[in-house]
Amino acid sequence: MKRSLRPLAATAVIFLIAYAASVLQFPSMLSTRVLGNFLTDNAFLGIAAVGMTFVIISGGIDLSVGAVIGFTGVLVAVLISWLGFHPLLAFVIVLGVAALFGAAMGAAIHYLQVPSFIVTLAGMFLARGGASVITQDSVPINHEFYGALSDLMIRLPGGGRLSFIGLLMIAIFLGGALLAHRTRFGSYVYALGGNPVSALLMGVPVARTTVQIYMLSSVLAALSGIVFSLYTSAGYPLAAVGVELDAISAVVIGGTLLTGGYGFVLGTFVGVMLLGLVQTYIIFDGTLSSWWTKIVIGILLFLFIVLQRIIFAASAPGEEKPEKALV
Amino acid sequence: MADTHYVLEARGIMKIFGNHVALDNIDFGLKAGEVHALLGENGAGKSTLIKILTGAYQPDGGGIYVDGAQVSLDNPLHAQTFGIGTVYQEVNLLPNRSVAENLFLGHQPLRFGFVNFRKMEADARVILKNYDLNIDPSSELGSHSVAVQQIVAIARAVQLSGKVLILDEPTASLDRNEVERLFEVVLGLKARGLAIIFITHFLDQVFAISDRVTVLRNGKLIETRALDALSRTDVVRLMLGKDIAFSGATDVEPSEAPNEVLLEFKGYGRKRSVLPFDLTIHKGEVVGVAGLLGSGRTEVARIMFGADPADQGTVRVNGQPTAIRKATDAIKHGFGFCPEDRKAEGILGDLSVRENIVIALQGKLGWFKALNRDEQMEIAGRFGESMDIRAASLDMPVKLLSGGNQQKVILSRWLATDPAFLILDEPTRGIDVGAHAEIVRTINRLRDEGMAMLVISSELDEVVAYSSRIVVMRDREMVAELRGKNINPGVIVQAIANNPDEAVA
Amino acid sequence: SIAQENLKGLTIGFSQIGSESGWRAAETSVTKQQAEERGIDLKFADAQQKQENQIKAIRGFIAQGVDAIVVAPVVATGWDDVLTEAKEAEIPVLLLDRGVDAPEDLYLTSVASDQVLEGRTAGDWLVKEVGDADCKIVELQGTVGSTPAINRKQGFEEAIAGHANLTIARSQTGDFTRAKGKEVMEGFIKAENGGADICAVYAHNDDMAVGAIQAIKDAGLKPGTDIKVVSIDGVPDIFAAMVAGEANATVELTPTWPVPPSTRSRHFSPMAPNPQSSSSPSPSSTRLPTIPRANTTPARA
Amino acid sequence: MKRLHLERLANPQLLALAAVLLINWILFPNFFRITWQDGRLFGSAIDVLNRGAPVAILAIGMTGVIATKGVDLSVGAIMAVCGAVAATMVVAGYPTPIAVIAALGVGVVCGLWNGFLVAVLDIQPIIATLVLMVAGRGIAQLITEGYIVTFNDPTLIFIGTGSLLGFPMAAVIALVLMILVTLVVKRTAIGLFIQAIGVNRSAASLAGINSRMLLMLVYGLSGFCAAIAGILVAADIRGADANNSGLWLELDAILAVVIGGTSLLGGKFSIPLAVVGAIIIQAMNTGILVSGFRPEFNLIVKAGMIILILMLQSPLVGSAIGFFRRDDKRVVSK
Ligand SMILES: Nc1ncnc2c1ncn2[C@@H]1O[C@H](COP(=O)(O)OP(=O)(O)OP(=O)(O)O)[C@@H](O)[C@H]1O
Ligand SMILES: Nc1ncnc2c1ncn2[C@@H]1O[C@H](COP(=O)(O)OP(=O)(O)OP(=O)(O)O)[C@@H](O)[C@H]1O
Ligand SMILES: [Mg+2]
Ligand SMILES: [Mg+2]
């Protein structure tokens, strides 16, 4: 196996082991319904995490993701319910707004040379604040097109549903993987994360690429916001609080290095599924108090990363530079 | 316009860092079909001029002309569009990506808008073949030695150069064969009419392929001249502003008087890295290590120092059996180690020159016996003086120093710890003639003072100049040990080449 | 009226908002205790304040085939799809604490407190308390955008609307926490002439009020006397403060659960899936008894 | 001498602080009014010091972590755990010093756990500390069983709300801690070593620095600081609020460190400037409180302020400042 694919494989193996263990305990977890739910329930997180993967591979971080989801949800809802726009038009508008927003953040990061952490933190405040200035209440969306879109699904035998948004997430993951691993843009992203100085000297258009990366992340966050609004048929300023942390964890659990330069889009998919599995497991268990829920999530997280390291170490018996910690 | 046609020209270039004038009114012209050597001491401003010529830095004055037309190069990408390919001094590639991608980044062959990996890797294999490099193009660049990376950088630049090829110390840490290979490529390009800028500290190489030389000193242009009118001494005088006494490769006087044994390695080795070897090192002895690129010299050094711990064999220090599992163990026994990969494992880029010099000594002293600022200044100043480190200030970040000066800083770092056993992996890499002679002198002096050393160098003259003994590596194995008065580069080459089973690559 | 045995052995999923306050923790523990008394297998899921987690939990409950689902929704909108799924799976859903904006046939019933009324009750109390005197009020809001904060603000404003002598001088969010309540109150005191201009503080929950009381004391004023304190929830610490004369009134909300304890037979039982209930006039507005505590506990020491 | 003084004042952190304070003063003219009341200073400016103290204390520990190229997301959760430990112990009747020492000990243990994951298991800091960020709050709630554990222990309350020479205890503790840690870091080689591993861990290890020990130390210190902050916050409201204590404060602490000029990529750091960063953040928060903006604008105002600070710190403006500075670099060789 190619050395670079090992973390991905390790994560996938862990997911399978964990899933098998859960099914042994709760046989009903092996149903099309649960599998369908995995996709539908994590669609918005997955889509946002694809964008986050690019940002992290490039050596940055985007804390504004959750807030952008909340903001776009509110904007879509307001455009449709208050101003009577057609949903498709509303989608175009919010994606455009998000693209500008991301471009502005990327430009600030590149030209002002401020760490992405700060810029996107300001972006997070701005988006979340903007949403609550528009409305503090949650705004329901009642539009037949919306209803139709959120009812769009393939019913599977056994009560499962492959929803539109679940499939959309898969499509985004595949597209993201192609973009990251098969295009010049993708190689620029890795180059920036590997060594920005070298990247510049090798002729990578650093400014353009940086702007594009944050644009991509914001646009995907906005798409995730649209998905979230489809999921809940509403826009709510407090929606998706903290999703950026979930997205970052999914990315990192998926084998991407937070220091940049290494990672896989499909690893993030496994990461998202793994996080979803933990939640589903806890729901199926149903005996944990609020606090034990948190403790158990922490413990499972810990077990996953340790397991991942063990599998990785076992499959790479040669030397391993301490710098390149896996998880 | 001047009567000669310059493909690339710089007129009146100024570059000022803070209040340090790095380039002062430099004129430089490059003709098609010439190899133009750019020479000067460490810190003279060669790399800075290159960076300005390729858009990596913006000049503070003066202009750049391509084919007589003034251009403003915003970034290296812009320079590439004019057909200028560059190898910068420190290998500036992406260790996290594959060899093929490093060769083609920005120019990957596409199919339906997507990168065609199969073609890219096939092309890469063909290109690498020109350099006798038989590596997997899909392997991660960072998994290869500095020398391999340097070849990849050269290959990339050659690919990109339609008009001008700039090589900033491409041959540091390449072995003879590789250098010859490179020269073949360069001469081929020259014949095709490319203009080539070549920076090196090896005068032999300058004379081997260059047509003209330009010499810089302290940021000022000294002279541009045709090479055939110059002798080695002339060039050195131009560079240093004075003559130096050349310490030839002759005065090896291995003290046959058996000194005390300092180190005894028995069956020492590491799986997948170096086959077990036996080596005894005495006090006051310099053991040179020779071998081809990739023969495992660096690995031997790392195992001895515990950077990659040995997994078999034993080591005795002063007769006492001991275990060296990590660098701190080795340092406790008075070891020191100048690694080969200066950028990744040597310098602490953002820390000051002063801090870089005292760090190992401080590490030895521990957390609580801190050297105060004055003591640090004193130590750093002392070595700055004796090693002739050219820095605007001892408080400037070491990454802003010229490459050769960084090397001196790392050497100073270990000398400051007063080691009993010093491992030097390519210590003269990127060091100018003056300093080179100085380092050879230093090694000889330290040996006479009783220090034991293991020195790896691709420059055989140099190895001969200071070694008491030379071990030869081939295919990760110590295959020969040469001693006695009659060692010379020829003998070493023979020992290296004396391959029982020929033909692998 | 329903025999307790009927519930024995049933599995009920409970999607709780989270454990953000003592009040919420109390609600959870009452729920668990009640379920245990009735022999119900309670599947508990803490959503950590996130609607998406609640939806996931409900879906998980459906996949497990529970007998009923109880939800304390974090927000009113966004439940149509998942409730439809539950309905298709023929699992009755009960709403706790708060109603939702979904067709009434999607859930069995809603046992909710009227948060606007809570705010109004607090406002009415203050109106009566100050009489004709001028009163500058500072308001400690809950988390910006959260439903209780919006409703409790609205109710309070409605109550004081007709009384020109009562004005809200400053209003900031204290995030429902004691620490932020204290910090915000400190700021208000500085901004309003060292607190001398403030006549009353209205906090959207008791925890913020407890924090505000400390801030008032630190500023050298007497809470309860110099500045009146009225809040909502009825947690033990506010009663302690009332006994000490440092708080004036709270609107008490007793954590409860729709499964009828013997004393609260007014509530609907999940095990009486009355086919009519979906079409009955207003099951969703069944209200928890909100007791304006001020009337029963004249707290001035 | 005078020039040196000007140079100090021209650093971007102090400029940003001045800008924020100026805005506060314009929005609320009484911002700097300080009175003497009940044996203590009283005023908005004092509130800034008092309320800023927990984040400042977190920032002290966080600076070390970030200087090693790490990050500690768990400090908020550790605050909650330590506050809970201290509160439940005093409520259970243990003497206050024992309770405080136990809480501090728990903080250090939490920090060392993080350090173990990062230094020994080589797990990326963000994910290593995420474990405790999630689980820690659960542990805190487990200790308090979800309720706010209210206490009346006078010593503990004094720690939270008392004053020394008129200054709030929290601010005094933060100041003392800042001075102590800065001294330790400057007077020993620890500071240099931290920078070295932050800049280039493999080079530092080859130069003989025991990076594992150092990382353990740094994360341990961060845990210790979080414990102090947790005790302070609990003592301030006389109760341990496991769910809310320190919630999202890790972000504020990181922000403070970054505003203080320490790069998230490790290397050079300054503890005092991180504390200034914390004060800037708090000045911003207090400014919002006293200025009377509607709360739905809080985040927008905050974003605006961060953008302002960011502009002030950007190299573009930095070079303008640098114009007024003089480099007195010593030239080493001829
Ligand atoms: N970014 C920078 N900031 C400040 N000083 C710099 C910077 N880059 C280079 N210098 C200084 O400019 C001078 C010239 O450096 P340069 O790298 O061009 O030397 P060089 O001739 O290439 O030397 P070498 O042979 O050692 O590579 C040195 O004194 C160096 O310290
Ligand atoms: N021509 C080559 N073909 C394939 N692999 C090579 C070649 N040259 C070097 N390598 C690789 O580079 C590494 C070199 O190992 P090492 O650094 O110990 O060698 P060395 O003798 O110190 O050579 P140098 O320092 O000159 O690169 C090995 O992992 C080897 O696989
Ligand atoms: Mg150079
Ligand atoms: Mg080598």
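Letters A, B, ... mirror the listed sequences (proteins, then strands); counts begin at 1.
In this structure, chain A has no heavy atom under 4.5 Å from any part of B/N116. For B/Q108, the parts sitting under 4.5 Å from any heavy atom of chain A are the backbone and the side chain alike. If you measure heavy-atom distances from B/F114 to chain A, the contacts under 4.5 Å come from both the backbone and the side chain.
When only modelled atom types and interatomic distance are considered, B/S47 and B/Q89 share a side-chain donor-acceptor pair under 3.5 Å. No side-chain donor-acceptor contact under 3.5 Å links B/S139 and B/D136. Remark: the B/T54 side chain and the B/T86 side chain contain no N/O donor-acceptor pair separated by less than 3.5 Å. Of the N and O atoms on the side chains of A/S249 and A/D246, not one donor lies less than 3.5 Å from an acceptor on the other residue.
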Can you check side chain to side chain contact (heavy atoms under 4.5 Å, CB included) on A/N42 and A/L275, steps first, answer last? CA-CA 9 Å; A/N42 296 304; A/L275 288 182; over 6 Å; no
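Heavy-atom contacts from other residues, nucleotides or ligands closer than 6.0 Å to NZ of B/K119 number 12 or fewer.
Salt bridge B/R302/B/D308: present, at least one basic N to carboxylate O contact under 4.0 Å. Using a 4.0 Å cut-off between charged nitrogen and carboxylate oxygen, B/K399 and B/D350 count as a salt-bridge pair.
Listed in order of number, the residues of residues 177-184 of chain A that approach chain B to under 4.5 Å between heavy atoms are A/L178, A/H181, A/R182, A/T183, A/R184.
Of the listed residues B/L110, B/V115, B/N96, the one with more heavy-atom pairs under 4.5 angstrom with chain A than any other is B/N96. Between chain A and the options B/N102, B/L105, B/N75, B/L160, the largest number of non-hydrogen pairs under 4.5 Å is found for B/L105. Ranked by heavy-atom pairs under 4.5 Å with chain A, the first of B/K51, B/E101, B/H78, B/R156 is B/R156.
Residues B/F17 and B/Y57 bring their aromatic ring centres within 6.0 Å.
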